[in-house]
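All figures in this text were calculated on a predicted structure; none of them were measured in a lab. Atoms considered below: every heavy atom in the structure, side chains included; atoms not considered: hydrogens, waters and symmetry mates. Count residues from 1 along the sequence.
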Amino acid sequence: MELEFKKRLKKNKKKHPVRNLILIILALLIVGGASALYINHRGYSAKNPNDMSLTEVKVSSSDSISQVGKKLQKKGLIRNERYLTRYAKRYGAKSIKSGTYLFSPVQSIDNVYEELAQGPAETPVLDSGYTYIDGNKTAAQTAGTMADAANVSKTDLLKAYSDKDLIKEMKEKYPKLFLNAKSDLTLYDLVMPGIYKLKDEKSADALVRDLIKRTDKEMKAYYPELKSNGIPVSTAVLLAENGGKTEFDRRLAFIKKIASYAQQLKKDYGILPSISIAQAIHESNWDDSDLSSKYNNFYGVKTDDTTSGKSVVLETQEVENGVTVTKKARFAVYASYKDSMKAHAKTLVNGNTWNANQFKDVIAATNYKDAAQALYDDSYATDPNYPAAIIRIIQNWNLAQYDK
């Protein structure tokens, strides 16, 4: 019986060779089509749903959607630029806007395109299930969002940040996080800004434990430099959504570049090094302005000198009657950063043409807090928030160490 069945099967195979070939081809087409659909769908989905890191991407007004896609692909944020280009062609009724964006591998192509159409914003466009914590917002401002995402009490979460027992527990578990910490530090100061995929938690304390655990993991690469330079961890945490370790290293390198000359200026002119460094940081945006990086003008010094090579005309933003306006102004050009720092020191010591003692209180100050306040009191700066900004920079980066 079995032998007879095999004979019939063999006979049928010989009898319908074309049909069998067609079935095989159809099967291959179905498998191939399904694979193509899967690959295509995968191309539009998030590059990595578990990589919640943020990367800064600059988009200029001249960039095409394809060029933007290539930038994102190069930075590992999307699989291939063609998916963004195809999406834009299919749904692209909106034009993309120039600016500096924060993108993440957790964003799908439609998230990316929507963000480009909206323009740079405080919050990246994310699918549901992800929560974004803005480092520029206070604990109270973010508590509701985090509490809802983790299904805990907002009130309990705010209490947990300052709970002495919980702080003690975290200090014992993650001692490096608390090196060089300010006396008024709360656990919220150690919460990394960025994207989170929060799950339901048993309590607010449990949520905070998870948040601090993530911070300790991400701060491991920073610990050696933070310890050797006396810089609090909270300073590095604030940079998490603004360049991360790369930007931290760049800023620290800038400080070290000018610190020794700032100390020399103290010997020659009596200016506190912390003040010289902090003002250079504040006025040049960490040497990230054209005026500083191209023309060595760290302090935004203007001039009337029209001699070739001595000045440059650039656009600048100024506040007039409470409104920020863009104007063109002539700024001094220096041969080196040392020339810029020296000219700044001389200005503080010699005052101006109408008052040689204009900045006498800055020179007389023996500590950075008094000197920073004197910059405002003596009308070096007109912004009442200027002293606080200078003090914050000095404390965050431990610049007072250079005053000793």
Side-chain angles (χ1 to χ4, degrees), residues 32-136 192-197 218 221 239-251 253-254 285-294 314-315:
S35 298
L37 285 171
Y38 171 73
I39 292 171
N40 192 50
H41 172 74
R42 188 167 175 266
Y44 289 101
S45 62
K47 173 80 181 293
N48 187 342
N50 297 312
D51 182 356
M52 287 166 276
S53 61
L54 287 161
T55 301
E56 196 174 82
V57 179
K58 293 182 179 179
V59 176
S60 68
S61 56
S62 60
D63 283 339
S64 66
I65 192 69
S66 176
Q67 289 170 322
V68 174
K70 286 175 181 176
K71 288 181 182 181
L72 296 172
Q73 181 182 342
K74 186 177 181 180
K75 290 180 179 288
L77 295 163
I78 61 176
R79 289 189 172 83
N80 196 296
E81 64 86 13
R82 68 174 181 267
Y83 293 108
L84 181 62
T85 304
R86 287 176 187 171
Y87 189 93
K89 285 180 178 177
R90 186 178 299 173
Y91 303 104
K94 306 169 185 175
S95 60
I96 62 174
K97 293 179 174 62
S98 61
T100 301
Y101 291 81
L102 287 175
F103 288 116
S104 171
V106 304
Q107 291 177 288
S108 59
I109 291 295
D110 61 320
N111 291 155
V112 171
Y113 185 71
E114 185 180 342
E115 190 167 332
L116 287 167
Q118 289 179 359
E122 292 181 351
T123 305
V125 176
L126 301 167
D127 286 332
S128 60
Y130 292 100
T131 302
Y132 179 73
I133 302 305
D134 188 341
N136 294 316
M192 295 284 292
I195 301 170
Y196 288 81
K197 198 169 186 178
E218 297 198 28
L239 285 176
E241 59 183 342
N242 186 24
K245 187 64 165 59
T246 300
E247 181 62 15
F248 175 84
D249 290 341
R250 188 186 77 80
R251 294 187 181 193
F254 179 61
N285 190 28
W286 292 95
D287 196 23
D288 198 34
S289 68
D290 284 347
L291 187 58
S292 62
S293 61
K294 291 183 180 179
L314 298 172
E315 285 190 346

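- Side-chain atoms of Glu56 and Thr100, non-hydrogen and from C-beta on, do get closer than 4.5 Å to each other.
- Between Tyr87 and Tyr44, the ring-plane angle classifies as tilted under the 30° and 60° cut-offs.
- For the atom pair Ile109 CD1 and Ile78 CD1, the distance stands at 4.5 Å (nearest 0.5 Å).
- A donor-acceptor distance shorter than 3.5 angstrom exists from the side chain of Tyr130 to the backbone of Pro49, with no hydrogens or angles considered.
- Ser104 approaches Ile195 most closely through the heavy-atom pair CB-CD1, 3.4 Å.
- Of all non-hydrogen atoms in Gly129 and Lys197, the two that sit nearest each other are O-CG, 3.5 Å.
- Side-chain contact between Ile65 and Leu116 is present, with at least one heavy-atom pair separated by less than 4.5 Å.
- Pairing each heavy atom of Asn285 with each of Arg250, the nearest pair is O-NH2, 4.2 Å.
- In this structure, Tyr132 and Leu102 have side chains that are in contact, with non-hydrogen atoms separated by less than 4.5 Å.
- Atom CG of Leu314 and atom CG of Leu291 lie 6.0 Å apart (nearest 0.5 Å).
- Between Tyr101 atom OH and Lys71 atom NZ the span is 11.0 Å, to the nearest 0.5 Å.
- Lys245 pairs by the salt bridge (Lys or Arg N to Asp or Glu O under 4.0 Å) definition with Glu225, Asp249, not counting sequence neighbours.
- Just one of Pro120, Ser62, Ser61 meets the side-chain contact (heavy atoms from CB on, under 4.5 Å) condition when paired with Ser98; it is Ser61.
- Rounding to the nearest 0.5 Å gives a distance of 12.0 Å between CD of Gln67 and CG of Leu84.
- The nearest pair of heavy atoms linking Ser108 to Asp127 is OG-OD2, 3.9 Å.
- Here the NZ-NZ distance, from Lys47 to Lys75, works out to 13.0 Å after rounding to the nearest 0.5 Å.
- Glu218 pairs by the side-chain contact (heavy atoms from CB on, under 4.5 Å) definition with Met192, Arg214, not counting sequence neighbours.
- Within a 6.0 Å sphere centred on NZ of Lys97, other residues, nucleotides and ligands contribute more than 12 heavy atoms.
- Of all heavy-atom pairs between Lys70 and Glu81, the closest is N-CB, 3.5 Å.
- The minimum heavy-atom distance linking Gln73 with Asn80 is given by the pair OE1-CA, 3.5 Å.
- For the atom pair Arg79 CZ and Asn48 CG, the distance stands at 8.5 Å (nearest 0.5 Å).
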